[in-house]
Amino acid sequence: MNDERRVEPENPWTDSTETARTFDAASGDFDDLTPAVWGPAGQALVFQLGVSPGEAVLDACCGTGSSALPAAAAVGPDGLVHGVDIADEMLERGRLSAERRGLKNIEFVCADASRWEPPSDVPAPGYDVLAVSYGVFFLPDMDRAFWRLVSLVRQGGRAGVTVWRRGAMEEFSSIVFDVAARHSPEPRDRGALRDRMPLHRIDTPRTLEAWLTDAGTDSVEVRTLSNLLPATDELCWSLVTGTGLRAALTGLDSEQVAAVRHRIADEVTARGLHTIDATTLVATATVRRPPVSG
């Protein structure tokens, strides 16, 4: 990929400390969304990757373990899973889930995934599988960070990601940032967050396939996981407080946050939004060659 072809706006998540703080604060509500959102996608990713007994898996940006935990169940006692994330509160929830399930082959590590070095228990050729579920677009330099992660996978291994499909979450996100902007003490560019995130470059099957190919893979398979959620008040608020949308609440006091919640519910009703589109692209590929450098 030639970086000179495009000029990307700055990713709003380049500050890893602030990103960790945001997701640590969101950890409880994030985990509450697992049955409806993260879990189905994580399970689908592990299945599509064909994770098998005895394999070594790297799950980058693993959160509370929506794909790392099913991967640990798939590889069994002779395999291993390293779940890496910068938000330790989320990792702690993953550790507790692993303990409850009796999974002893998984380690949740608080670290910057873009700088991760495989420990000695990983086979010399590299990991067998790389999984990144809803995480690549939060990496400060999405392309180079992902290329590096792919380089940790052995030749013939597999890499897979999940990302929101174009249009998913957009109508609801628009409501959230519209409402939050009205209550913010400082002016906000309410439409800027999505455009500034690199997600918009990989949110169609065609662009996601091309991106994975540029990262040094072939045999790319992109499937669409339809997930249409009833827009209940409880779910809507969990999507605000348990995802990156939480950034819309930055700088608001408790009274303002309460007002935002009430107003979001009103706007959802007024706009006739009965369903929230959480449709996801699940993409997997085979690692064949070094990634193309820019």
Side-chain angles (χ1 to χ4, degrees), residues 30-53 55-76 79 81-85 90 93-94 97-98 101 103 105-106 108 113 127-139 146 149-150 153 157-169 199 202-213 215 217-230 235 238-239 242-244 275-287:
F30 181 98
D31 211 21
D32 288 344
L33 288 168
T34 296
V37 182
W38 320 126
Q43 192 76 54
L45 179 59
V46 170
F47 176 77
Q48 192 166 313
L49 280 165
V51 179
S52 302
E55 291 193 310
V57 178
L58 172 60
D59 192 310
C61 308
C62 67
T64 59
S66 61
S67 51
L69 292 167
V75 301
V81 176
H82 292 142
V84 180
D85 203 292
M90 301 184 78
R93 290 180 178 272
S97 294
R101 301 183 192 190
L103 296 171
N105 57 352
I106 183 170
F108 288 95
Y127 288 98
D128 299 294
V129 178
L130 166 68
V132 193
S133 192
Y134 299 109
V136 291
F137 42 86
F138 289 115
L139 295 169
F146 186 69
L149 288 169
V150 169
V153 180
R158 289 94 67 208
V161 302
T162 67
V163 302
W164 301 115
R165 187 187 65 177
R166 181 165 296 178
M169 298 293 293
L199 171 62
I202 57 170
D203 59 2
T204 70
R206 181 184 60 80
T207 56
L208 183 54
E209 179 180 358
W211 182 74
L212 283 168
T213 300
T217 72
D218 62 16
S219 304
V220 179
E221 180 179 11
V222 182
R223 294 185 177 180
T224 300
L225 177 65
S226 179
N227 194 5
L228 304 176
L229 306 172
L235 177 67
S238 292
L239 286 170
T243 71
T275 302
I276 295 176
D277 183 357
T279 299
T280 297
L281 299 179
V282 182
T284 55
T286 301
V287 175

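What you see below is based on every heavy atom in this structure, not just the backbone, and it leaves out hydrogens, waters and symmetry mates. Predicted, not measured: the structure shown is a model, and the values here were computed from it.
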Exercise. Should Leu130 and Val150 count as side-chain neighbours, where that means a heavy-atom distance under 4.5 Å?
Worked result: yes
Exercise. Would Val220 and Thr284 count as a side chain to side chain contact (heavy atoms under 4.5 Å, CB included) if you check the C-alpha gap in whole Å, the side-chain angles of each, and the deciding distance to 0.1 Å?
Worked result: CA-CA 6 Å; Val220 179; Thr284 55; over 6 Å; no
For this session: Quick one: do Leu33 and Thr243 satisfy side chain to side chain contact (heavy atoms under 4.5 Å, CB included)? Show the steps, please.
Result: CA-CA 9 Å; Leu33 288 168; Thr243 71; 3.7 Å; yes
Problem set entry | Nearest non-hydrogen partners of Val46 and Ala74, listed with the distance | CG1-CB, 4.4 Å
Problem set entry | Partners passing side-chain contact (heavy atoms from CB on, under 4.5 Å) against Gln43 (at least two apart in sequence or in another chain) | Pro70
Seminar exercise, completed: In this structure, CG of Leu281 is separated from OG1 of Thr162 (nearest 0.5 Å) by 9.0 Å
Exercise. Under a 4.0 Å N-O cut-off, is there an ion pair linking Arg158 with Glu55?
Worked result: yes
Exercise. Do Thr286 and Thr217 pass the side chain to side chain donor-acceptor pair (under 3.5 Å) test, and can you show the C-alpha distance, the side-chain angles, and the key distance before you say yes or no?
Worked result: CA-CA 5 Å; Thr286 301; Thr217 72; over 6 Å; no
Exercise. Is there side-chain contact between Thr275 and Leu229, with heavy atoms separated by less than 4.5 Å?
Worked result: no
For this session: Determine the minimum heavy-atom distance between Ala283 and Val222, stating which atoms define it.
Result: CB-CG2, 3.9 Å
For this session: Assess whether side chain to side chain donor-acceptor pair (under 3.5 Å) is satisfied between Thr279 and Asn227, documenting all intermediate values.
Result: CA-CA 5 Å; Thr279 299; Asn227 194 5; over 6 Å; no
For this session: Take Cys61 and Leu139 through the test side chain to side chain contact (heavy atoms under 4.5 Å, CB included) and record every step on the way to the result.
Result: CA-CA 9 Å; Cys61 308; Leu139 295 169; 3.9 Å; yes
Problem set entry | Which atom of Gly83 lies closest to which atom of Cys62, heavy atoms considered | C-SG, 3.4 Å
Seminar exercise, completed: Value for CD1 (Ile106) from CG (Leu103), rounded to nearest 0.5 Å, stands at 6.5 Å
Seminar exercise, completed: Of all heavy-atom pairs linking Ala44 and Leu225, the shortest is CB-CD2, 4.4 Å
For this session: Compare every heavy atom of Tyr127 with every heavy atom of Leu58, then report the nearest pair and how far apart it is.
Result: N-CD2, 3.5 Å
Problem set entry | Asp59 and Val132, any side-chain heavy atoms less than 4.5 Å apart | no
Problem set entry | Side-chain heavy-atom pair Ile276, Met169 within 4.5 angstrom cut-off | yes
Exercise. Taking Asp128 for the side chain and Ala56 for the main chain, is one N or O donor matched with an acceptor at less than 3.5 Å?
Worked result: yes
Exercise. Taking atom CD of Glu221 and atom CG of Leu208, what is their separation to the nearest 0.5 Å?
Worked result: 12.0 Å
Exercise. Do the non-hydrogen side-chain atoms of Met90 and Phe108 ever get within less than 4.5 Å of each other?
Worked result: no
Problem set entry | Residue pair Ser226, Leu228: steps toward the side chain to side chain contact (heavy atoms under 4.5 Å, CB included) verdict | CA-CA 6 Å; Ser226 179; Leu228 304 176; 4.1 Å; yes
Seminar exercise, completed: Residues at least two apart in sequence or cross-chain that pass ring pair (Phe, Tyr, Trp, His ring centres under 6.0 Å) with Phe146, listed by chain then number, are Trp211
Exercise. Does the side chain of Asn105 reach to within under 4.5 Å of the side chain of Val75, using non-hydrogen atoms?
Worked result: yes
Exercise. Hey, does the side chain of Ser67 reach the backbone of Gly65 with a donor-acceptor pair shorter than 3.5 angstrom?
Worked result: no
Exercise. With under 30° as parallel and over 60° as perpendicular, where do the rings of Phe30 and Trp38 fit, or are they tilted in between?
Worked result: parallel
Exercise. Between Phe137 and Val163, is any pair of side-chain heavy atoms under 4.5 Å apart?
Worked result: yes
Problem set entry | Considering all heavy atoms, the nearest Leu69-Ser97 contact | CD1-CB, 3.7 Å
Exercise. Heavy atoms, side chains only, cut-off 4.5 Å: are Arg165 and Thr280 in contact?
Worked result: no
